[in-house]
Q: 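Pasting a structure here, questions to come.
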Amino acid sequence: MKIKMTLGDRIFNTINGIILAFLCILTLFPFLHLISMSLSSPESASKFGLHLIPEGLNVDAYRKVFENGYIFSGYANTIINTVLSVILSLAVMTLMAYALSKKHLVHRTFFTGFVVFTMFFQGGLIPSYLLIRNLGLMDNRLALILPVLVNTFNMLIIRNYFMTIPADIEEAAVIDGANDLYIFARIMLPLSMPIIATVALWVAVERWNAWFDCLLYIRTPSKYVLQVLLQRIVIDGSSEFMNFEVRTAGTNSEPTTETIKAATIIVSSLPIMCVYPFIQKYFVKGVMVGSLKG
Amino acid sequence: MAAITKNAELGSGKKTGKAQQLLKTYKKQRYLLLALLPGLIYYLVFHYAPMYGVIIAFKRFNFNAGIMGSAWVGLENFKTFLGSPDFGSVFANTLIISFYQLLFGFPAPILLAIMLNEVRNMAFKKTVQTISYLPHFLSWVVLAGIFLELLSPSRGAVNYFITLLGGEPIDFMTNNKWFRAVLVVTNIWKEIGWSSIVYLAAVSNIDTQLYEAATIDGASRIKQIRHITLPSMVPIITIMLIFAVGKIINDNFDQIYNMYRPAVYPSADVISTYVYRMGVQKMEYSLATAVGLFKNVISLVLVLSTNAIAKRLGEYGLW
């Protein structure tokens, strides 16, 4: 049904559109500023101003970032941790979810309660920290993977999905004498690919952005993930990790710490910035399920 | 669980029979139990062991003696914390920042959802949404780095605008008067788009005939928002508000840790950052655990009561 727009409607739409466009500018502004800073010459970068258009186009900061061995090890560590986390997490979560999805599972109420209780009460930071120390996992990559192996919310989402798969699909297999693990691997997993892919994305982005566990448990700089490296460079301003030698005043042709910081942020965030528009819908799904469950 | 208690109630003669039956069930379900095992071990080690570790809140933890061997001190750690001047400021900072967050951060996404709902051009709507989600996908490490630069008194764009308008540059990151505002505004900036999803979903369920009828009756768009859109958002707003209040004691560690400096501890040191500094940096393990436990218990009570309230509202037909 098409209704003719009144003048009031037009004014409303225009103002509404302008405010929303302004919101977009506000959201993008810091990133444009960052990109422009990273491409600016050292002199213009340290000037007071807006920095929306790079002045004196200059890629030295990026050269410095790519020459920095720490950035490479950081990237490698983040990728390895993310991939391992996704694989191991999903293996353990789907197996557990499968067992809990079976109504006839012995002690099912107890097991479910055992899992759900941890959503309400946790030991807290220090007991977890001491646990990792006692397990001898300090400075070990496993300390970034094992403690977050199962996310209760994600696991329950997978379980709920398994529960929606009609029982008669597996009954035929049961008659043929297939055991539970065979049914899980050959019937349930292939049928649940949509939810598994969704949860895999959730885990991957969460792990890509994770930094606190690395800050707590990793001591050796070559084992740092990208985010912690970023923290050292951008927030602590550590020149040790910046591939930057402090120079005497006057030799201004080298990139400044500001341009290097900006370039480092861009280089480390680019993958997520490019990918998120295409994967956002899987995350929206999670918000909807989460809000329904409360 | 139920099966075990049932067994205990039965006579001893039948007991062995029941136990055998249970064993039979275990055997029959051995593959399911096997599937469950890695997850159960995970929960035992990484969730239940730290819960046991919480007892060091009541001990004077000593590394060499271990959790078991350390001496009991009763409530001493709690008394130390509650008696220290840190308690008042850390607790107040947590609540004040959460309160501002609630006051300004809660309505913001609702407003955005209403505005997005009024957009008739779908491509524009989709673009605004996608752009507004961007900061949600980035970590606070990245965003803190960006804001550090943007708010810098000597180079930052914000201070550039302030001086253009004739003001004096402000060092936001070290100024106790401004720092909480920085936290609240940057958090709204990060999450406004993402938080609007829930409200937008509620709005999209509204019957479009309502709007058409209102238009025919000559109701202006503002009137339509007031009398159609807002009323149908009341249930979801209520539920989200209840949950937000339930989280009032939870501070945003990721944001504050990456943005604060010692200069702003008086206004921005919150419970979680305090626990981190006391426990991990100063190695006051027992004290930090006690503070964390104190917060977790309050948080648990709040979450359980707000869940109960939300459930009641749902049951008694508020909607």
Side-chain angles (χ1 to χ4, degrees), chain A residues 1 3 8-9 12 16 19-20 24 27-28 30 33-34 46 48-50 92 95-96 98-99 102 105-107 109-110 114-115 118 120-131 147 149-150 179-181 205 209 211 216 227 230-231 234-235 265 269 272 276-277 280 284 287-288 291 294, chain B residues 1-3 25-26 29 31-32 35-36 38-39 42-43 46-47 49-51 53-54 115 118-120 128 130-135 137-139 141-142 144-146 148-150 154-155 157 160 197-198 201 212 215 220-221 243 258 275-276 279-280 285 288-289 292-293 296 300 303 307 310:
Chain A
M1 178 160 157
I3 294 168
D9 269 350
F12 181 91
N16 196 36
I19 297 175
L20 287 174
C24 291
T27 307
L28 291 178
H33 178 265
L34 194 70
S46 43
F48 202 39
L50 266 191
V92 176
L95 277 169
M96 191 175 207
Y98 176 66
K102 292 281 162 251
L105 174 73
V106 64
H107 311 318
T109 323
F110 168 74
F114 184 78
V115 165
T118 62
F120 292 96
F121 193 79
Q122 295 89 27
L125 174 67
I126 302 303
S128 307
Y129 175 76
L130 294 176
L131 174 75
L149 208 53
V150 179
N179 71 45
D180 284 312
L181 290 181
V205 171
N209 281 334
W211 55 273
L216 277 181
Q227 298 286 333
L230 208 56
Q231 212 169 31
V234 177
I235 297 173
I265 297 179
S269 317
I272 294 262
Y276 96 91
Q280 50 167 322
V284 171
V287 174
M288 296 320 297
S291 69
Chain B
M1 197 66 159
T25 320
Y26 287 153
Q29 300 191 356
Y31 290 114
L32 279 185
L36 201 57
Y42 163 79
Y43 276 97
F46 291 103
H47 288 274
M51 280 185 216
V54 156
M115 293 179 71
E118 294 299 324
V119 174
R120 296 288 172 262
V128 175
T130 302
I131 290 175
S132 71
Y133 298 163
L134 169 60
F137 285 91
L138 299 170
S139 72
V141 176
V142 171
I146 294 179
L148 227 52
E149 193 56 38
L150 214 58
S154 60
R155 293 181 309 275
Y160 177 70
I197 293 175
V198 174
E212 284 161 12
T215 313
S220 72
R221 297 279 283 277
F243 288 134
N258 283 305
V275 168
Y276 174 78
V280 180
Y285 296 117
T289 306
L293 179 62
N296 279 357
L300 181 67
V303 166
N307 274 359

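These figures come from a predicted structure and were not determined experimentally. Labels below follow one simple rule: chain letters A, B, ... track the order of the sequence lines, proteins then strands, and each chain is numbered from 1.
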Q: For A:F12, which atoms come within 4.5 Å of any heavy atom of chain B: side chain, backbone, both, or neither?
A: side chain
Q: With the side chain counted from C-beta on, respond yes when A:I126 and B:V54 share a heavy-atom pair under 4.5 Å apart, and no when they do not.
A: no
Q: Determine the option with the most heavy-atom pairs under 4.5 angstrom with chain A, choosing from B:G53, B:S139, B:P38.
A: B:S139
Q: Pick one of side chain, backbone, both or neither for A:I235, based on which atoms fall under 4.5 Å of a heavy atom in chain B.
A: both
Q: Nearest 0.5 Å, what's the CD1-SG distance between B:I131 and A:C24?
A: 4.0 Å
Q: Please report the C-alpha distance between B:V142 and A:L230 in whole Å, then the side-chain angles of each, then the deciding distance to 0.1 Å, and finally whether the side-chain contact (heavy atoms from CB on, under 4.5 Å) criterion is met.
A: CA-CA 7 Å; B:V142 171; A:L230 208 56; 3.5 Å; yes
Q: Short question: side chain of B:Q29, backbone of A:V106 - any donor-acceptor pair under 3.5 Å?
A: yes
Q: Contact between A:H33 and B:I146 at the side-chain level, heavy atoms closer than 4.5 Å - yes or no?
A: no
Q: Should A:V150 and B:H47 be marked as a side-chain contact (heavy atoms from CB on, under 4.5 Å) after you check the CA-CA gap, both sets of side-chain angles, and the distance that decides it?
A: CA-CA 10 Å; A:V150 179; B:H47 288 274; over 6 Å; no
Q: B:A288 versus chain A, heavy atoms under 4.5 Å apart: side chain, backbone, both or neither?
A: both
Q: Does any heavy atom of chain B fall under 4.5 Å from the side chain of A:Y129, the backbone, both, or neither of them?
A: side chain
Q: Would you mind checking which part of B:V141 comes under 4.5 Å of any heavy atom in chain A, side chain (CB onward), backbone (N, CA, C, O), both or neither?
A: both
Q: Would you say A:D9's side chain and B:R221's backbone share a donor-acceptor pair under 3.5 angstrom?
A: no
Q: By a 4.5 Å heavy-atom criterion (distance strictly below it), what part of B:S220 contacts chain A: side chain, backbone, both, or neither?
A: neither
Q: Can you tell me how far the CZ atom of A:F120 sits from the CG atom of B:N296, to the nearest 0.5 Å?
A: 13.5 Å
Q: Go through the side-chain N and O atoms of A:Q231 and B:N258 and say whether any donor and acceptor fall under 3.5 Å apart.
A: yes
Q: Contact between B:E149 and A:L34 at the side-chain level, heavy atoms closer than 4.5 Å - yes or no?
A: no
Q: Among A:V205, A:I19, A:L130, A:L28, which residue forms the greatest number of heavy-atom pairs with chain B at distances under 4.5 Å?
A: A:L130
Q: Against chain B, label A:L105 side chain, backbone, both or neither, depending on which of its atoms sit under 4.5 Å from a heavy atom there.
A: both
Q: Grab the two heavy atoms, one from B:L138 and one from A:S269, that are nearest each other, plus how far apart they are.
A: CD2-CB, 4.1 Å
Q: Got a donor-acceptor contact below 3.5 angstrom from the B:Y42 side chain to the A:P147 backbone?
A: yes
Q: If you look at every heavy atom in A:Q280 and B:T130, which pair is closest and at what distance?
A: NE2-OG1, 3.0 Å
Q: Counting only heavy atoms closer than 4.5 Å, note whether A:L149 contacts chain B via side chain, backbone, both or neither.
A: both
Q: Is B:L134 close to chain A through its backbone or its side chain, or both, or neither, when contacts mean heavy atoms under 4.5 Å?
A: both
Q: Where is the tightest heavy-atom contact between A:P127 and B:P50, given as atom of each residue plus distance?
A: CB-O, 3.3 Å
Q: In Å and rounded to the nearest 0.5 Å, what is the OG1 to NE2 distance from B:T25 to A:H107?
A: 8.5 Å
Q: Non-hydrogen atoms of chain A under 4.5 Å away: do they reach the side chain of B:F137, the backbone, both or neither?
A: both
Q: Between chain B and each of A:G8, A:G124, A:P30, count heavy-atom pairs under 4.5 Å; write down the option with the most.
A: A:P30
Q: Considering all heavy atoms of both residues, which atom of B:A35 and which atom of A:L181 are nearest to each other, and what is their separation?
A: CB-CD2, 4.2 Å
Q: Of the listed residues (A:V115, A:N16, A:L216, A:V284), which shares the most heavy-atom pairs with chain B below a 4.5 Å separation?
A: A:N16
Q: Does A:Y276 use its side chain to pair, donor to acceptor, with the backbone of B:P135 at less than 3.5 Å?
A: no
